[in-house]
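In what follows, chains are A, B, ... by sequence order, proteins preceding strands, each numbered from 1.
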Amino acid sequence: MLDIQNCTITYQNGIPAVSDVSLSVSEGEIVSIVGESGSGKTTLIRAILGLLPPGGRIVSGQILFEGMDLTKVGEQQMQDIRGRRIAMIFQDVGAALDPIQRIRNQYRESIAVHEKLPQKEYAPRALDMLRRMHLTDSERVMDAYPFELSGGMKQRVGIAMGMIARPKLLLADEPTSALDVTIQAQVVHQMKKLRDEYGTAIILVTHNMGVASYLSNRIGVMRQSKMVEFGTRDQVIYHPREQYTKDLLGAVPKLGGKRFAES
Amino acid sequence: MQNREILLEVSHVNKTFPVKKQKLHAVSDISFSLARGEILGIVGESGCGKSTLARMLVGSLTPSSGSIALGGVEYHLLKGKERRRFRRKMQMVFQDPLSSFSPRMKIGTYLAEPRRNYDRIPAKQAFKETEKLLEMVGLPGDFFARYPHELSGGQLQRVAIARALAIHPDFLVCDEATGALDVSIQNQIAQLLVKLIREQNIGCIFIGHDLALMRSVSDRIAVMYLGRIVELLDSEDLLEKCVHPYTQALLGAVFDVYCDQNEEIILLEGEPPSPLDVAEGCSFAARCSKCEEKCRRKLPVLTELEDGHLVACHLAAGGSAKSRPE
């Protein structure tokens with residue numbers, strides 16, 4: 001469905017932040033991109049929707065989405081794709097929500113932008129989505145301002161809002177990094193359900209190997225702007241080829257692992 | 001562990017903050033002790049009061065009631081010069097290395113400051129010592145001439161540790177000291193901390209939320225929920241012996257790299273209740289899957305289950321909740 005071919009992206013200084021990266025996602029598949037900070041994983045998925053920060057430019061390569069090259073489409077057409085066919089959720093959803101609008105209004109806007117629906121169908125649609133996101137007392141959430149919600153709730157409201165137009169592809173940029181472990185588990189559970197129920201394909205950028213391992217069909221490992229390893233989840237987790245992947249896996253603290261404090 | 005010298009004694013510490021006309025119970029009735037050379041891990045979700053506790057331990061907040069004694073001295077009662085002199089005995093390492101450094105101060109100046117400030121030694125001598133400090137934390141000695149922005153997050157965290165240990169404190173509080181770092185760096189810093197604490201024989205409180213990391217770093221783990229310690233046990237026994245449903249839920253929420261993808265996640269529904277209106281009974285009752293009638297009525301006290309293993313749960317004490325959900 002999405003096919004990134006030999007993509008190179010640079011910022012103002014001319015040094016590539018992403019160099020010669022290829023990646024493909026099929027329908028209903030979850031692909032994770034893992035790597036250290038600064039390895040270019042966020043740059044890569046931002047480029048898909050043309051949301052690179054100022055100065056960022058795709059120098060070469062193609063990003064094909066259902067046969068259309070996203071690096072060549074105009075802004076007008078891109079607007080059409082954003083949200084409706086490819087949605088994105090960010091690490092800090094709190095900053096993405098409007099602080100002076102109730103959640104209800106923000107849903108209204110995001111529905112109105114993407115679809116032609118009679119006004120009175122907005123609220124049921126949003127409520128339905130929130131309920132699917134396992135948000136208890138969704139009525140209260142609808143009438144709340146963002147600051148009244150906790151981090152985990154905001155993240156789930158954000159995912160629900162991203163999913164409102166039933167996009168085929170969801171780009172998730174570190175959606176669980178700022179959350180507590182128990183809330184992280186809820187969000188991870190949610191994403192898995194999205195895929196299972198709607199067949200949404202997800203590209204997940206994360207530095208949490210455990211989450212990537214639990215959710216993904218395929219995993220890509222990025223290091224210093226390059227994709228050093230890309231393969232099925234079992235291949236990358238159990239039989240990594242690259243030394244870097246092995247090191248990365250070895251560095252993750254494990255519950256049953258060795259303890260430093262043992263004396 | 002029992003024979004070691006007890007360094008820090010915390011007993012029945014409470015901290016409440018006034019919020020409008022209500023009281024916010026940030027920390028309630030916490031007691032524990034810390035020996036020399038021991039690392040105590042404190043885990044809990046955000047808002048459970050672990051940072052408030054940390055700030056009380058280093059003396060920047062005064063407990064509402066209860067006592068904290070270091071080497072037998074209740075330092076919250078000290079005043080003026082005495083208090084200032086006592087402060088050098090506890091040091092802290094913070095979460096975000098870059099924001100805890102002044103961008104205009106060179107690493108050397110930063111490292112020399114505690115010695116100049118507390119020991120009043122001449123600047124020249126203090127600067128000479130910085131090289132040794134840098135080597136202690138595994139950094140090249142010529143780093144003293146650099147500015148913080150020239151260092152990576154992991155290197156900065158090493159410098160922060162060096163500064164904290166420069167004046168030989170009695171104990172160290174690490175508030176999510178590895179939280180902002182990449183996994184590979186995180187491990188190195190954790191290993192360094194353990195090594196230095198053993199070498200210098202000081203006590204350490206290590207605060208975090210990653211149970212897997214905490215288990216590997218600490219000797220004992222205290223699990224906090226809504227201002228209270230709900231379980232305290234040896235890190236080694238964490239997996240096999242933990243009995244509190246909250247500890248088990250936390251363990252269930254850790255994603256192992258080698259997990260089974262088809263395994264259902266044990267979900268803890270909802271969020272921790274607000275510390276403003278703490279209900280009667282067990283604070284975890286609303287989210288607990290095993291909650292019984294008595295849990296809602298009576299607050300469980302932290303009781304010793306077996307040697308060195310304390311738990312605050314009605315069901316655990318009765319033995320009925322002992323089995324771990326698999």
To the nearest 0.5 Å, how far apart are [atom1] in [X] and [atom2] in [Y]?
| X | Y | atom1 | atom2 | result |
| --- | --- | --- | --- | --- |
| R287(B) | T182(A) | CZ | OG1 | 5.0 Å |
| S184(B) | D247(A) | OG | CG | 8.5 Å |
| L255(A) | F255(B) | CG | CZ | 12.0 Å |
| D180(A) | L250(B) | CG | CG | 9.0 Å |

Any Q186(B) side-chain heavy atom under 4.5 Å of P253(A) side chain | yes

Can you say whether [X] sits under 4.5 Å from chain A via the side chain, the backbone, both, or neither, judging by heavy atoms?
| X | value |
| --- | --- |
| V217(B) | both |
| N187(B) | both |
| S46(B) | both |

Just checking heavy atoms, which of [range] are less than 4.5 Å from chain B?
| range | result |
| --- | --- |
| residues 201-211 of chain A | M209(A), G210(A), V211(A) |
| residues 224-245 of chain A | R233(A), I237(A), Y238(A) |
| residues 26-45 of chain A | E36(A), S37(A) |

Taking G153(B), G44(B), S235(B) one by one, which has the highest count of heavy-atom pairs under 4.5 Å against chain A?
->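 Winner by heavy-atom pair count: S235(B).
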
Give the minimum heavy-atom separation between [X] and [Y], together with the two atoms involved.
| X | Y | answer |
| --- | --- | --- |
| D256(B) | S213(A) | O-OG, 4.1 Å |
| Y258(B) | L249(A) | OH-CB, 4.4 Å |
| Q261(B) | K192(A) | O-NZ, 3.4 Å |

Using a heavy-atom distance cut-off of less than 4.5 Å, which residues of residues 203-213 of chain B contact chain A?
->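 Residues of residues 203-213 of chain B touching chain A at under 4.5 Å: H209(B), D210(B), L211(B), A212(B), L213(B).
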
